[in-house]
Amino acid sequence: MTQSREVLAMMDAHTTTFGRKNGCTISRCGAFLLSVFFLVCLVATGFLVYHFAPCLDENPRKSCIDTTSDSVISTAKAFSTSSIKKKTENLRLPRSVLPDLYEVKLIPFIWEGNFTFNGEVKIIVNVTEDTKNVTLHAVDMKIDEGFTSIREYSKMSNRTRPIEILEQRNDTERQFHVINTSGTLKAGKQYVVHLKFIGYLNDYLEGFYRSSYKVRNQTRWIATTQFQPTDARRAFPCFDEPAFKAKFQISIARPKNMTSISNMPRRGEAKPVSGLHWYLWDNYETSVPMSTYLVAFIVSDFEMLQSEAKNFRVWARKEAIEQSRYCLSIGPRILSFFEDYFKIKFPLPKMDMVALPDFAAGAMENWGLITYREATMLYQEGVSTNGNKKRVAEVVAHELAHQWFGNLVTPSWWSDLWLNEGFASYAEYIGMNAVEPSWKVLEQFVVHDLQNVFALDALESSHPISVEVGHPDEINEIFDRISYNKGASIIRMMDHFLTTEVFKQGLTNYLTERAYQNAEQNDLWDALTKQAHKSNALEKGVTIKQIMDTWTLQTGFPVVTVSRQYRTGAAELTQERFTLRNGTIVTYDEKQPLWWIPITYTSESQLNFNKTQPSYWMKAEKTITINDLGASSSQWVIFNVLETGYYRVNYDKTNWQLIIKQLNKENFRNIATINRAQLIDDALNLARAGKLDYSTALDVTSYLAHETEYLPWKAAFVGMGYFDSMLAKMPGYDKFRKHALKLLDNVYKQVGFKDSINDPQLTVFTRINVLNWACDFGHDDCVRNAVAQFQNWRTTPNPNENNPISPNLKSVVYCTAIRVGGQTEWEFAWQRFLETNVGTEKDLLLHALGCTREAWILNRYLDWAVTENSGIRKQDVTLVFGAISSNIIGQPLAFNYFRNNWARLREYFGTSLLTLTNIVKSTTRGINTKYELKDLLEFATEHKDELGSATRTVQQAMEQAEANIRWLERNHAAIRDWLVRNTA
Ligand code: BES
Ligand code: ZN
């Protein structure tokens, strides 16, 4: 997931694709089974899957697939339903033995030809129920079974008594190491479990892994950790579930010329390591009680900078350490901001932040030792962009928020992961706003997080925020936009309907009550309900659980349709689930979900866009009536003020027309900026779902010709991106391009092709977006400027040191020049990529390298992306696939590459399917022909047992593709007509 967040943050949503004409004919088996399919599905979904599955299993290639009818689509649906199989049952640890204190000692050997570590762990455990075994997690390590011991431990006498071990066994399926004893371990007693082992410093970026970088062509190695969610078990045997909190006493041996760091400060001086004279032991202080996934340690030769108080430190390669100044300046301020926000002091004595050359996610919130990839922590003034700077601030704030929400109070199990990630994803905006108020980030939440996840949550293959998970694959799968963005959106909704004061006090109570323990969503709901009732922010009979269960346990989100009665001034509000499949396919789900929806609105006469406390609630009711809206029949009303509710709004035709009229008047700013972005996003998506005619939706967007603000434009660009990717190879695309350029004309003139240091952040972002689109559509002035600036750089002496292009313009200049240029431009950028010392610059270049139209270069680029030592790190492969997939020539190449090289990719990424999931996402996003869908389905069927955590993503990709195909069938003509009518 996280790599995808990285990549998505970099990419605009204009993926493009095209497919070939359909060619296959329906086979008899296919025809027969398909009729069975439709008949049975009317009766029961379960039956349907049962009847259909053999066809998929026995002959996936020929018998079931037909590209000439709707059957590909139904087959995709059948795959989705049948492939959801239960993973191994009972993967959870028994609760009879609970860890209290770990003493972990590790000696990593960090050089070519070795890459192993010796380890020893002593765990003091409490037995809560009589038992004859100790079961804990261990993966990919060799445990010295002859060494293992269990001793009864008496704290009083500090004496131990050995317990006889019967046998030890590895349960590889469940990643358990089981130690059976002859005698019974007694409830109420303490024991010491002692194990010795050898582990492996892998290069899959999980567990205890190795990372490297070069200085003057010489490789430097480091050893570092990434444990969330289930990889602490790769570093030492442990009770690797979040509810098994314990204290940790870590000791790391490191070569004398390197340093080590861990969650806690070092205790005393470094000590000699017997038998290894060039190594020293660093012994760390005992931690507070914490979950295993938050443990971290790093051995490196990094440099460090520290805050004045010396308790906040930043670490990076010597050559990059100066780039950590920005992080060091905002980090301590955000940390102390959160201390005030939560009204709880940060409990650890120090905070370290480390920028790692190889890191799978964007960053990781290990308690007191936050790890980052370089591009999310390091910022170089004059080289990095405003967007890079914002990314650093947002990631720092996100991980710091976790220090309370997640680390101090931790979900009991991964099904509540969304609480952690959703909260941190919301709080990152609040933390960022505290240190950079001029950026106006709170406004941006709606377009970046909320509207962004609507697209995914509108799929039937979406999932509830709160899901049952067991297998590590399933756990990894939920680090997705539903947990992050939807989580954040519904938490924001609470902040508004409860009021911030009540919300914050409820949070403080929850965190204080559950500190150093675990919690479930119900615990948070209880704390908020109590506070809400105390402060009269909620009706007495109503609980937060009642409201929020409708948002966390059900999939999807509602659209509220407002039908006004213009004569009486009343309105009827109806809710239903918003899906892209509306009316196109049989719905298997009989029960229609209903939500508790906070209703806010304003009208042309009130113009009150500040009141975000609900005037009404739809209490899981299908319909409610508002008797008097307070608007005359000639005045518009707009619901969901500032889009604080997680829902879309549709109106009757007249109200849409009133809104369109207002948007086209000079005072269109009477409607708040966020709500203008909402209107664009809602209108385009309602049309996409068949709930609003396209001509109305497009009429809503016409006013953009006068719009200059970031939010409405950003919403429009996302919508435009969808059009672009669907229409790019269709006849009539020129009309679309012409129309888009016409809309952009005014705002292009406003922002211009010049970056100015004094411009507000949002102006800078608007400029980048506008220029990227204008250049993409071939805007003369734009392309000319971009090419000239790139050529200027190419002819500058020493281009590594001297880049004359203003940082914010780089993305558009690089991409455009490489797109319209040839091999020379590409090779130049590739050299700069290899040679730059700045992580953010590497990202920009990697993205731009995907812009070329030369198919052979793109294919070579794909190959390099998965070749050891090519210069492209494993952490960046998703970025490369993402960049190529957002290029119209590249998308089918990337899709084919991933299908044809599945085995190679699997081997390259090892057990971690994270990257593959992201590759699936990006390469399939633009699919809009049955032929490509058929390919995808064939691939999915053939590999259905190997998809692991990519399973749901594949289902979502198929549903998305299916929706795209339907969309083209239904709307292409209407859109073409509108464009013909509206482009002179
Ligand atoms: N806890 C995650 C890191 C993580 C993600 C670990 C996936 C294991 C699997 C961390 O807090 C996080 O969410 N990082 C984000 C950055 C953030 C600003 C959204 C990321 O890695 O993209
Ligand atoms: Zn997080």
Side-chain angles (χ1 to χ4, degrees), residues 1-10 204-207 209 224-232 234 240 242 291-296 327 330 334 353 355-356 358-367 369-377 387-407 410-411 414 416-432 441 444-445 448-449 452-453 469 472-489 491 843 875-876 878-879 882 911-915 917-918 949:
M1 119 50 245
T2 43
Q3 275 180 328
S4 82
R5 292 202 112 216
E6 278 305 293
V7 174
L8 288 173
M10 296 259 331
Y204 297 144
L205 321 183
E206 60 192 22
Y209 71 92
T224 182
T225 56
Q226 170 57 41
F227 290 166
Q228 193 185 22
T230 57
D231 291 316
R234 290 172 191 277
D240 199 11
S291 304
T292 45
Y293 80 88
L294 293 168
V295 172
C327 177
I330 56 166
I334 299 179
M353 304 210 161
L356 294 158
D358 300 280
F359 193 77
M364 175 66 212
E365 70 266 25
N366 314 299
W367 216 350
L369 173 50
I370 303 179
T371 43
Y372 296 82
R373 57 169 61 200
E374 288 195 356
T376 58
M377 185 179 130
N388 296 144
K389 192 172 189 177
K390 183 182 162 209
R391 180 74 182 148
V392 170
E394 120 191 329
V395 182
V396 169
H398 177 105
E399 306 310 337
L400 287 174
H402 273 312
Q403 305 299 306
W404 287 262
F405 222 96
N407 299 9
T410 313
W414 297 109
D416 278 334
L417 172 82
W418 81 269
L419 261 193
N420 259 9
E421 296 304 348
F423 187 84
S425 299
Y426 180 50
E428 78 193 33
Y429 282 84
I430 297 171
M432 194 172 10
V441 292
Q444 297 171 48
F445 181 91
H448 292 158
D449 280 54
N452 178 292
V453 69
V469 286
D473 280 350
E474 291 172 339
I475 298 169
N476 275 304
E477 198 175 61
I478 56 171
F479 283 85
D480 67 355
R481 280 188 291 155
I482 296 294
S483 299
Y484 280 74
N485 301 20
K486 182 175 182 177
S489 302
I491 286 167
D843 279 13
Q875 65 165 16
D876 295 325
T878 17
L879 206 159
T911 53
S912 155
L913 284 171
L914 221 89
T915 311
T917 308
N918 290 319
S949 56

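First listed ligand is number 1; within each ligand, the first listed atom is number 1. Side-chain atoms are counted along with the backbone in the values below, which use heavy atoms only and exclude waters and symmetry mates. Along the sequence shown, residues carry numbers from 1. Treat the numbers as computed from the prediction; the structure is a model and nothing was measured.
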Quiz item: Among all residues two or more places apart in sequence or in another chain, which pass the side chain to side chain contact (heavy atoms under 4.5 Å, CB included) test with Pro472?
Solution: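 With neighbours one apart ignored, the set is Gln175, Thr230, Arg233.
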
Quiz item: Is His402 in polar range of ligand 1, meaning some N or O pair under 3.5 Å apart?
Solution: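 The answer is yes, given that His402 and ligand 1 share an N or O pair closer than 3.5 Å.
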
Check each atom of ligand 1 against the heavy atoms of [X] and keep those under 4.0 Å away; list them by number with element.
X      : answer
Tyr484 : 2 (C), 5 (C), 12 (C), 13 (O), 19 (C)
Gly362 : 20 (C), 21 (O), 22 (O)
Met364 : 1 (N), 3 (C), 6 (C)
Glu365 : 1 (N), 2 (C), 10 (C), 11 (O)
Val395 : 18 (C)

So, [X] side chain and [Y] main chain: donor-acceptor pair closer than 3.5 Å or not?
X      : Y      : value
Gln226 : Gln228 : yes
Asn407 : Glu365 : yes
Asn366 : Leu369 : yes
Thr225 : Ala296 : no
Arg391 : Ala375 : no
Arg373 : Ala361 : yes

Quiz item: Does Tyr372 have any ring pair (Phe, Tyr, Trp, His ring centres under 6.0 Å) partners at least two apart in sequence or in another chain, and if so, which?
Solution: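 In terms of ring pair (Phe, Tyr, Trp, His ring centres under 6.0 Å), with neighbours along the sequence ignored, Tyr372 is linked to no residue.
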
Exercise. With sequence neighbours excluded, tell me which residues meet ring pair (Phe, Tyr, Trp, His ring centres under 6.0 Å) with Phe405.
Key: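 Listed in chain order: Phe423, Tyr510.
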
Exercise. Using a 4.0 Å heavy-atom cut-off, say whether Gln228 meets ligand 1 through its side chain, its backbone, both or neither.
Key: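 The part of Gln228 near ligand 1 is both the backbone and the side chain.
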
Practice problem: Only heavy atoms count here, so choose which of Gln226, Glu421, His398 is nearest to atom 17 (C) of ligand 1. | Solution: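 Nearest option to atom 17 (C) of ligand 1, by heavy atoms: His398.
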
Practice problem: From atom 10 (C) of ligand 1, work out which of Pro229, Ala363, Ala361 has a heavy atom at the shortest distance. | Solution: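 The nearest heavy atom belongs to Ala363.
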
Quiz item: Are a donor atom and an acceptor atom from the side chains of Asp449 and Tyr429 found within less than 3.5 Å of each other?
Solution: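 Result is yes, a qualifying pair exists.
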
Quiz item: Counting no waters, what protein N/O/S atoms lie under 2.8 Å from the Zn ion (ligand 2)?
Solution: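 Hits for the Zn ion (ligand 2) below 2.8 Å: His398 NE2, His402 NE2, Glu421 OE1.
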
